[in-house]
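Please read the structure below before turning to the comments.
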Amino acid sequence: MMAEMDEHPSRWETPTDAVSISVIGCGYLGAVHAAAMAALGHDVVGLDVDAAKIAELAAGQAPFFEPGLTEILAEGARTGQLRFTTDLGSVAAAQVHFICVGTPQRRGENSADLRHVDAAFHQLLPQLKPGDVVVGKSTVPVGTAERLAELLRSVEPTATLVWNPEFLREGHAVKDTLSPDRLVYGVPEGPAGERAVTVLNRVYAKAVANGVPVVVTDYATAQLVKVAANSFLATKISFINAMAELCEVTGGDVVQLADAIGYDARIGRRFLNAGLGFGGGCLPKDIRAFMARAGELGVDQALTFLREVDAINLRRRVRMVDLAREVCEGSIVGRRIAVLGAAFKPDSDDVRDSPALSVAAQMTLQGAEVVVTDPEAIANASAKWPDLVFAETVDEAVQDAELVLLLTEWPEYVALDPHELRTRVARPRMLDGRNALDAARWRAAGWTYRALGRR
Ligand code: UGA
């Protein structure tokens, strides 16, 4: 390992522990990663093809809502350790290059679209120097890293590719990046891989010193860990939502059921919140891309269960609309319905595959007069769903409403006072799509309270 490191000694024997880093792709993952790496003391340049986004980031503004991000962007700008640019040439000074571009679902298919990963990689290749480390963070179908490593070898044989998946959650992205649960490094066998581990341990020195587990493995495992983790989380959510379906026909209570099974430490209570199910830019597309990849590898049966996970998840949205119709005595046509929440989850302004907007859109299409509100996501939601009606505040949204649906459990919605809200609506009827409200409290305040999977 030392022999390999000594080939380029001056580049790694810097007086401080700071590493010179480039981050290619400054979307959700990349912007947070770049700012967090600068917060850890590294010199970071973030690169993106979107000039407007780069201008915002360079001005210290977060292009999306993420608690804590503005603060570390400002700090990075102040110390001069964080820069953003559209100029590809500026990545040439960096020693470690993180690929953080998106891998969305292909239109009309289940598989992942790798266009951005391939483009980023091809643009990076001519900028690389001997000994550089390229780190893939994007979520990719297994086999991608092996293909890119081959390409890298053919252009710059002394550079090394590492696959280092990211597990950050939106809404907790800064904390998750600065102090992750675990680090996974997929590296090639031999001295190049050992050297890459040393380099990444320096990048993540604080987390490593704090005892964060580091799993050093091969490319295949590193890529699979990411999709396996998201598939497990999606399965856990759909499992409890399947139990909700059973509770609905038997008179059971899915919240008590989740509490009771969750006391078993082998099961655990986290990610067993029944309701409208999962959305966002990750879990839905990742389980579909995983199924597609398994099919290509000839082991589609191994992941057939994920089809059910997806189907259970999507059925919850339909069930929510049915419940609204049931509570409105059989028809929602012409009914004023308030929807609280547009983001796919609280503490985010992300509306990609938002269950809340999906329900709002279905009810609107079926003739209801729906008004949607959200503390952070209205701009994104109205850009994506221009036909929906939006209100800035809860008061405006619920004005004259005959039914209120809580579809994203923002803390301010969970904290709403049922007595106060009752004075604003036409009919006090609440559908809790996230099992987030205290049913007894709302009923005591005179509301008809219904929720998915509960009596
Ligand atoms: C998810 C994973 O949790 C992260 O570990 C991963 O890094 C990320 O995807 C990614 O691949 O980039 P995220 O999409 O931010 O993170 O959101 P989650 O917190 O996982 O929530 C996903 C959805 O599940 C939300 O719509 C949420 O409302 C729903 N959910 C979550 C439930 O319906 N029930 C639960 O018990 C938990």
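Atoms within a ligand are numbered from 1 in the order they appear, just like the ligands themselves. Note that the structure is predicted; figures quoted are calculated from it, not measured.
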Is it the case that more than 12 heavy atoms not belonging to E392 sit under 6.0 Å from its CD atom?
-> no

What is the minimum heavy-atom distance between L303 and A294, and which atoms define it?
-> CD1-CB, 3.6 Å

Provide the closest heavy-atom pair for R317 versus F278 in the form atom of the first, atom of the second, distance.
-> NH2-O, 3.3 Å

Taking heavy atoms and a distance under 4.0 Å, where does N230 meet ligand 1: side chain, backbone, both or neither?
-> side chain

Atom 34 (N) of ligand 1 has as its nearest protein heavy atom N273 O, 3.0 Å

For ligand 1, is any non-hydrogen atom under 4.0 Å from D286's backbone (N, CA, C, O), its side chain (CB onward), both, or neither?
-> side chain

Specify the closest pair of heavy atoms between L88 and Q123, including all atoms of both residues, with the distance to one decimal.
-> CD2-O, 3.4 Å

Polar-atom distance check: E409 versus ligand 1, any N or O pair below 3.5 Å?
-> no

Should you measure from each heavy atom of R434, which atoms of ligand 1 turn up under 4.0 Å away?
-> 28 (O), 33 (O)

Minimum heavy-atom distance I21-F98, with the two atoms named = CG2-CD1, 3.7 Å

Looking at ligand 1, does G277 have a heavy atom less than 4.0 Å from it?
-> yes

One finds that the ligand 1 atoms under 4.0 Å from a non-hydrogen atom of E170 are 15 (O)

Heavy-atom nearest neighbour in the protein, as seen from atom 19 (O) of ligand 1, with distance rounded to 0.1 Å = K345 NZ, 2.8 Å

When you look for heavy atoms under 4.0 Å from ligand 1, do you find them on the side chain of K226, its backbone, both, or neither?
-> side chain

Can you tell me if N201 and T198 form a side-chain donor-acceptor pair at under 3.5 Å?
-> no

Residue, atom name and distance, where the atom is the protein heavy atom closest to atom 24 (O) of ligand 1 | F278 CB, 3.2 Å

Can you tell me if Q223 and E146 form a side-chain donor-acceptor pair at under 3.5 Å?
-> yes

Any N or O of L283 that comes nearer than 3.5 Å to an N or O of ligand 1?
-> no

Pick whichever of L272, T139, I237 has a heavy atom sitting closest to atom 30 (N) of ligand 1.
-> I237

Apply salt bridge (charged side-chain N to carboxylate O under 4.0 Å, His left out) to the pair K137 and E166, showing each step before the final yes or no.
-> CA-CA 6 Å; K137 282 198 98 57; E166 179 57 57; 3.4 Å; yes

Should we say atom CZ of F239 is surrounded by more than 12 heavy atoms from elsewhere, each under 6.0 Å from it?
-> no

Identify the closest protein heavy atom to atom 20 (O) of ligand 1: which residue and atom is it, and at what distance?
-> F271 CZ, 3.3 Å

Contact atoms of ligand 1, heavy-atom distance to E166 under 4.0 Å = 7 (O)

Looking only at N/O atoms, are R169 and ligand 1 under 3.5 Å apart anywhere?
-> no

Who's the nearest protein heavy-atom neighbour of atom 8 (C) of ligand 1, and how far?
-> L168 O, 3.3 Å

Heteroatom proximity flag, G279 to ligand 1, N/O under 3.5 Å = yes

Please indicate whether any nitrogen or oxygen in F167 is less than 3.5 Å from any nitrogen or oxygen in ligand 1.
-> yes

Distance-only polar pair, side chains of Q366 and R325, donor-acceptor under 3.5 Å = yes

Looking only at protein heavy atoms, identify the closest one to atom 3 (O) of ligand 1 and say how far it is in Å.
-> L233 CD1, 3.6 Å

Would you verify whether the NZ or CZ of R182 falls within 45 degrees of the ring axis of F167 while also being under 6.0 Å from that six-membered ring's centre?
-> yes

Atom 9 (O) of ligand 1: the protein heavy-atom neighbour that sits closest, reported with distance to 0.1 Å = C282 CB, 3.2 Å

How are the rings of Y204 and Y185 set to each other: parallel, tilted or perpendicular (split at 30° and 60°)?
-> parallel

